Every structure is written in structure tokens, then in C-alpha cells.
Amino acid sequence: YIYTDQVGDIPSEMAVQLLIVAERFLLDRLKALCEDIIRKCVCIENVVSIMMTAKAHRADGLKDICMDFIITNEEKIKTTAAFKELIQDPHLMYELLMRRKPSRA
């Protein structure tokens, strides 16, 4: 990356680790490239952990994408074990609840 300004074709798991390093060393362009790779791989199984990592490492755009994905797929995600991990972060859970559209009764 340092010489080419590219990250190449890397798996999303590696992109998550690289995002953490990029945030630590204030490499904003690298962080943005990693976010782009990760967002393309968000799925029901990994969205909660990606969202928590994004919040912890100030990847706000990625966090917003994950929140929108969770709200769109709420019923499926609520049944996953990973969803219960959100109890560890009440602020994130509150953000999700506030983002939901009110149900029309």
C-alpha cells in the first residue's frame, strides 16, 4: 500500500485487521480502502462483529452501512448468536433502536 496506494485483492477478514492498523497509524486512505472491501462482504453472519469493530475504530461510514443492513434484515439477524453480543454495547443498541422506522399500527 505504501508504494502503490492500493491494497489489492485481499479477503475481508484481512481487510478488517488492516483497517484496525490503518486507524492506529492514521492512514485514512488505507482505512477507506479497507472499509470499501469490508462493506462488500457484509452478511447476516458477520454484520454485528463488523459493526462493533467499525465503532471501536471510528469507521463511521462502515458502521452506518452495518446498521442499515441490520435494520433491513432485522428478523433474520435477531435470531443469531452474534446479535446477543450487542448487549455488551448499550450505546450501539440504542443507536440501532433510534434508527428504526416507527411501525405503523
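Keep in mind that the numbers below use all heavy atoms, side chains included, and drop hydrogens, waters and symmetry copies. All values reported here derive from a predicted model rather than from experimental measurement.
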According to a 4.5 Å side-chain heavy-atom criterion applied to Ile, Leu, Val, Met, Phe, Trp and Tyr, with indirect links allowed, do [X] and [Y] form part of one hydrophobic cluster?
X: Tyr94; Y: Phe83; result: no
X: Ile50; Y: Leu92; result: yes
X: Met67; Y: Met52; result: yes
X: Phe25; Y: Ile10; result: yes
X: Met93; Y: Met98; result: no

Lys55/Glu95 ion pair, N-O < 4.0 Å
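A salt bridge is absent here (no side-chain N lies under 4.0 Å from a carboxylate O).
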If you look at every heavy atom in [X] and [Y], which pair is closest and at what distance?
X: Ile70; Y: Ile77; result: CA-CD1, 3.6 Å
X: Cys41; Y: Asn46; result: O-ND2, 3.0 Å
X: Gln6; Y: Leu33; result: CA-CD1, 4.4 Å
X: Val47; Y: Phe69; result: CG2-CD2, 3.7 Å
X: Leu96; Y: Ile71; result: O-CD1, 3.9 Å

Interatomic spacing from [atom1] in [X] to [atom2] in [Y] - rounded to 0.5 Å:
X: Thr80; Y: Asn73; atom1: OG1; atom2: CG; value: 11.0 Å
X: Leu18; Y: Glu13; atom1: CG; atom2: CD; value: 13.0 Å
X: Cys34; Y: Glu23; atom1: SG; atom2: CD; value: 11.5 Å
X: Thr79; Y: Ile44; atom1: OG1; atom2: CD1; value: 8.0 Å
X: Ile37; Y: Met14; atom1: CD1; atom2: CE; value: 10.0 Å
X: Ile38; Y: Leu62; atom1: CD1; atom2: CG; value: 5.5 Å

Walk me through whether Lys84 and Val48 qualify under side chain to side chain contact (heavy atoms under 4.5 Å, CB included).
CA-CA 9 Å; Lys84 292 177 182 68; Val48 173; over 6 Å; no
With salt bridge (charged side-chain N to carboxylate O under 4.0 Å, His left out) as the criterion, how do Lys78 and Glu74 come out once you've worked through the C-alpha distance, each side chain's angles and the decisive distance to 0.1 Å?
CA-CA 6 Å; Lys78 282 196 300 191; Glu74 182 179 343; 3.6 Å; yes
With side chain to side chain contact (heavy atoms under 4.5 Å, CB included) as the test, would you mind laying out the steps for Met51 and Leu86 before giving the verdict?
CA-CA 10 Å; Met51 181 177 64; Leu86 282 175; 3.5 Å; yes
Heavy-atom donor-acceptor pair, Lys31 side chain to His57 backbone, under 3.5 Å:
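Yes, the answer is positive, given that a donor and an acceptor are paired below the 3.5 Å cut-off.
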Is the number of heavy atoms from other residues, nucleotides or ligands under 6.0 Å of Arg99 CZ greater than 12?
yes
